[in-house]
There are 2 protein chains.
Amino acid sequence: MPENAELTIFPTWTAGRPGYAQRIREAFQEHLEKTGLRLTSQRQRILDYLLTTEKHLSLNDIYQALRKHGVGRVTVFRTLKMLEEAKLVDHVTAAGGTSRFEVKLERPHHDHLICVHCGGIQEVRWPELEKIQDKICKTMGFSVAWHRHEVFGRCSACAEGKAS
Amino acid sequence: MPENAELTIFPTWTAGRPGYAQRIREAFQEHLEKTGLRLTSQRQRILDYLLTTEKHLSLNDIYQALRKHGVGRVTVFRTLKMLEEAKLVDHVTAAGGTSRFEVKLERPHHDHLICVHCGGIQEVRWPELEKIQDKICKTMGFSVAWHRHEVFGRCSACAEGKAS
DNA sequence: CTCCTAATTGAAACAGAGTTTCAATAAGCC
DNA sequence: GGCTTATTGAAACTCTGTTTCAATTAGGAG
């Protein structure tokens, strides 16, 4: 993976990362043991589903996919909460105000280019941009905890067919 | 208002802008006439309330303030929608996922520093940052329509008392 | 293996923002 | 006045997120 000084694009993340799924599962199990909780088949399934898809999934996406395997809304909700507490998963507040989740382990902070035409989400890493942001916030006495930078527009594929 | 090359802070907007309220009211009326709609007292009131307060208001904030004057939720909802269509008002998706509204006329694009402690929203303008963003998106073939850059953290006032 | 205890689960119910429907009302026009 | 059309807000509904609770399940001690 080339480390461009300006930006790095992550088309996929789990793909082509040997042992990633394994590591994140172990990290989850470790977190659960530390809190006195158990790694059940439902929790396993939810994490696995997040790992197998590259897209940013909503709570409902996951629920709809796993309900037939006997996983309830509430369990998905709670498991996602746990995964966030364990810092293995993060969520983005999408346009409609709904949360979309993605795995986070070993993954540097990145921002999103959201195509308003096809709905696709591209991920970019902007170290330069963040450096400027942090510098300015510092001079203003604003201590940054995290940020969200979302760019809306048309991806290269959709930019051609301008109609609609 | 000093035009710092790096950033401009807008503590207030409508204050100290002679005739601003008048201009935005006229623009609203014009938009309504163009669409065959009427400028009623309720719509007037809602816009005026947005103009008199500097804060970023939610639909409910506005409703709670105006319900005693005989303005319903639905009317607030619809009027805000109209004002957005008229490009006189814009909304930010705040931390909880709720929309907060602000007047937009004659106002350059800006981003938000959101204090997670006191809930205060500071506005900044980052031409330099936008220039870099646009440049990078261009090289990627992503045509930018708009963006949202929200920084969460502690404002200078809240940064001191780190407790809680 | 059995009992005990504590975690787990999901249905149901709830909260809150946003949105649509609809009958009653108000405003503009002829 | 009478006709037409916009306006309004209560009510109902959707959707996401969240809590409650009784039933179930799993793990550990004896």
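Every value quoted in this text rests on a predicted model; they were computed, and no experiment measured them. Order of the sequence lines sets the chain letters (A, B, ...), proteins ahead of strands, with each chain counted from 1.
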For the side chain of His110(B) and the backbone of Pro108(B), is there at least one donor-acceptor N/O pair under 3.5 Å apart? yes
Using a cut-off of strictly less than 4.0 Å between a heavy atom of the residue and any atom of DNA chain C, enumerate the qualifying residues of residues 62-74 of chain A by number. Gly70(A), Val71(A), Gly72(A), Val74(A)
Contact under 4.0 Å: Ser58(A) side-chain N or O vs dT16(D) OP1/OP2: no
Counting the atoms with a prime plus P, OP1 and OP2 as sugar-phosphate, which does Ser99(B) contact under 4.0 Å by heavy atoms, base, sugar-phosphate, or nothing? sugar-phosphate
dG27(D), dT7(D), dG17(D): which one has an atom nearest the side-chain heavy atoms of Arg38(B)? dT7(D)
When you measure from the side chain of Asp61(B) to the backbone N and O of Ser58(B), does any donor-acceptor pair fall under 3.5 Å? yes
Tell me the interatomic distance from Phe77(B), atom CZ, to dT7(D), atom C1', rounded to whole angstroms. 15 Å
If I take atom NE2 in residue His91(A) and atom P in nucleotide dT16(D), what distance separates them, rounded to the nearest angstrom? 15 Å
For DNA chain C, which nucleotides open and close the run of contacts to chain A, 5' to 3', at under 4.0 angstrom from a non-hydrogen atom? dA7(C) to dA12(C)
Under 3.5 Å: donor-acceptor pair, side chain of Tyr49(A), backbone of Tyr63(A): no
State plainly whether the residues Glu128(A) and Lys135(B) are in salt-bridge range, i.e. N to O under 4.0 Å. no
Pick the nucleotide of DNA chain C nearest each of Arg100(B) and Arg78(B); which residue has the one closer to the 5' end? Arg100(B)
Please examine the side chains of Val71(A) and Ile62(A), heavy atoms only from C-beta on, and report whether any two atoms are closer than 4.5 Å. no
Between dT8(D) and Arg43(B), is there an OP1 or OP2 to side-chain N/O distance shorter than 4.0 Å? yes
Rounded to the nearest angstrom, tell me the gap between atom CG in Asn60(A) and atom P in dT16(D). 5 Å
Are side-chain heavy atoms of Arg73(B) and Asn60(B) found at a separation under 4.5 Å? yes
Distance, rounded to the nearest Å, where Asp61(A) contributes CG and dT16(D) contributes C1': 12 Å
Any non-hydrogen side-chain atom of Met82(B) less than 4.5 Å from a side-chain atom of Thr35(B)? no
To the nearest angstrom, how far is Glu33(B) atom CD from dT7(D) atom P? 12 Å
Using modelled atom types and a 3.5 Å cut-off, is there a donor and acceptor pairing between side-chain atoms of Arg43(B) and backbone atoms of Arg38(B)? yes
Measuring only between side-chain heavy atoms, which start at C-beta, is His147(B) closer than 4.5 Å to Glu130(B)? yes
